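So the structure is just underneath, and the comments pick up after that.
If you're wondering where the values come from, they're calculated on a predicted model, not measured in any experiment.
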Amino acid sequence: QEQLEESGGGLVQAGGSLRLSCVGSGRAFGNYSLAWFRQTPGKDREFVAAISWAGGSTFYSDFVQGRFTIARDNAQNTVWLQMNNLRPEDTAVYHCNRDPDPHHISSYYEPTNFSSWGQGTQVTVST
């Protein structure tokens, strides 16, 4: 079973940057698209970005377009989310999750379609 571990969160000031990492344990990591999500207490989890299995296609939510970049290195079983020009409203717990179907990519992933989540990594942006 694939296990995903998020890391890289922290406390930054508005306008700063962070790079989050999502590391997978499965041998078939490179066959699957990965997506980032975020959740603030009291709000629904929301889609942030997605990247196809080989990294050739990327998709972003409107609220991070132009500020965040998703990338991957399958040799390291890692997907990154580079977050620049951070805003206080970016404060959330960030999670990654895997498309259940190999060699498939969607421009949007509905968070409620996923039944399992890891612990995530906390991002806090101060004013």
Side-chain angles (χ1 to χ4, degrees):
Q1 183 179 359
E2 178 74 35
Q3 290 185 277
L4 301 172
E5 296 183 5
E6 303 94 342
S7 63
L11 174 64
V12 298
Q13 289 187 304
S17 297
L18 284 173
R19 190 177 75 161
L20 308 183
S21 296
C22 174
V23 179
S25 62
R27 291 190 294 269
F29 183 86
N31 291 333
Y32 293 88
S33 297
L34 269 295
W36 284 97
F37 307 83
R38 68 188 188 186
Q39 186 173 34
T40 299
K43 298 179 63 177
D44 292 337
R45 199 188 310 269
E46 59 187 358
F47 168 76
V48 175
I51 186 166
S52 62
W53 58 95
S57 298
T58 58
F59 301 94
Y60 301 91
S61 62
D62 289 341
F63 51 82
V64 305
Q65 182 73 249
R67 299 188 298 122
F68 291 9
T69 302
I70 188 170
R72 70 190 297 164
D73 184 350
N74 291 335
Q76 299 183 55
N77 270 24
T78 301
V79 172
W80 294 283
L81 184 67
Q82 178 67 47
M83 306 186 296
N84 299 325
N85 301 313
L86 283 162
R87 304 166 178 169
E89 53 263 42
D90 295 319
T91 295
V93 177
Y94 284 72
H95 302 262
C96 61
N97 223 321
R98 191 188 76 174
D99 190 314
D101 298 319
H103 299 161
H104 174 265
I105 182 65
S106 178
S107 60
Y108 170 78
Y109 287 88
E110 168 55 47
T112 58
N113 288 339
F114 296 89
S115 61
S116 181
W117 301 90
Q119 65 180 1
T121 186
Q122 175 72 49
V123 172
T124 303
V125 184
S126 64
T127 59

If hydrophobic clusters are built from ILVMFWY residues whose side chains come within less than 4.5 Å, do V48 and L86 share one? yes

Partners passing salt bridge (charged side-chain N to carboxylate O under 4.0 Å, His left out) against E46 (at least two apart in sequence or in another chain): R38

Co-members of the apolar cluster containing F37 [side chain, <4.5 Å]: F47, W53, F59, I105, Y108, Y109, F114, W117

In one Ile/Leu/Val/Met/Phe/Trp/Tyr side-chain cluster, 4.5 Å: I70, L18: yes

Spacing of CG belonging to L20 relative to OG1 belonging to T78, to within rounding of 0.5 Å: 12.5 Å

Distance alone, cut at 3.5 Å: any donor-acceptor contact between the side chains of N84 and Q82? yes

Do V125 and Y60 sit in the same hydrophobic cluster, where Ile, Leu, Val, Met, Phe, Trp and Tyr count as joined when their side-chain heavy atoms come under 4.5 Å apart? yes

Heavy-atom pair of closest approach, residues L11 and S126: CD1-CB, 4.3 Å

Looking at P88 and T127, what are the two nearest heavy atoms and their distance? CG-CG2, 3.4 Å

Please check if the number of heavy atoms outside D44 that lie under 6.0 Å from its CG is greater than 12. no

Step by step, work out the side chain to side chain donor-acceptor pair (under 3.5 Å) result for R87 and N85. CA-CA 7 Å; R87 304 166 178 169; N85 301 313; over 6 Å; no

Tell me the closest heavy-atom pair linking T121 and G8, and the distance in Å. OG1-N, 3.8 Å

So, taking the atom named CG in D101 and the one named NE2 in H104, what distance separates them when rounded to the nearest 0.5 Å? 6.5 Å

At their closest point, which heavy atom of W36 faces which heavy atom of L81, and how far apart are they? NE1-CB, 3.6 Å

Nearest heavy-atom neighbours spanning R72 and V79: CB-CG2, 3.7 Å

What residues join Y32 in its hydrophobic cluster, counting side-chain heavy atom gaps under 4.5 Å, either direct or through other members? none

